[in-house]
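What follows is a short report on a single structure.
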Amino acid sequence: MASSNSQQLLSKLKTSLPKIEATTEPIRTVHQFPEPTPPVPAKPPTLPKGARAPKLSVSLYQHDIERLDTIKDFMKTQGFRNLSDSEALRLACRKVAIDGALIEVYRAMQGEDGRRKTGVVHSLCANDGK
């Protein structure tokens, strides 16, 4: 008796559902995509994890240390806390313009430091011809 009830139910479903007519044109759906985001600039290559920078010992005069502290103080105002001396030195090295003005700064530094004779370079060049 269960099978006859199933048969009757299936028969009613076949006649009660509306017939779908086949169309030659496919149904099109409209997709809305979010606006494309601008490309993110590529990050510079980073060192492999665990790679360390070589150690370097430097000697600085008091006015150089004060300048280093000025760099660190500026970075603090920009939200970069706990900047190390090493980071400040690397920052200065990467920021410096390598041009003719560097020669003038070097000569002024020699005069301020008083450790080198500024005429040594010239006398060595003059003795090259012997």
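Because the structure is a prediction, the values reported are computed rather than measured.
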C93 SG to K95 NZ distance, which is reported to the nearest 0.5 Å: 13.5 Å
Would one find more than 12 heavy atoms of other residues, nucleotides or ligands at under 6.0 Å from atom CG of D99? yes
Rounded to the nearest 0.5 angstrom, the CG-NE2 distance for L68 and H63 is 12.5 Å
Sub-3.5 Å donor-acceptor pair from the side chain of E87 to the main-chain atoms of S84, do we have one? yes
I want to check something: taking the side chain as every heavy atom from C-beta on, are K76 and F80 in contact at a cut-off of under 4.5 Å? no
Going from CG on L83 to CG on D73, what distance comes out if it is rounded to the nearest 0.5 angstrom? 10.0 Å
Got R67 and L60 here, is their nearest side-chain heavy-atom distance under 4.5 Å? no
Distance check, rounded to the nearest 0.5 Å: Y61 atom OH versus M109 atom CE? 9.0 Å
Hydrophobic clusters here meaning ILVMFWY residues chained together by side-chain heavy-atom distances under 4.5 Å, can you tell me if I65 and L56 are in one? yes
Q62 CD to D64 CG distance, which is reported to the nearest 0.5 Å: 9.0 Å
To the nearest 0.5 Å, tell me how far K72 NZ sits from D85 CG. 3.5 Å
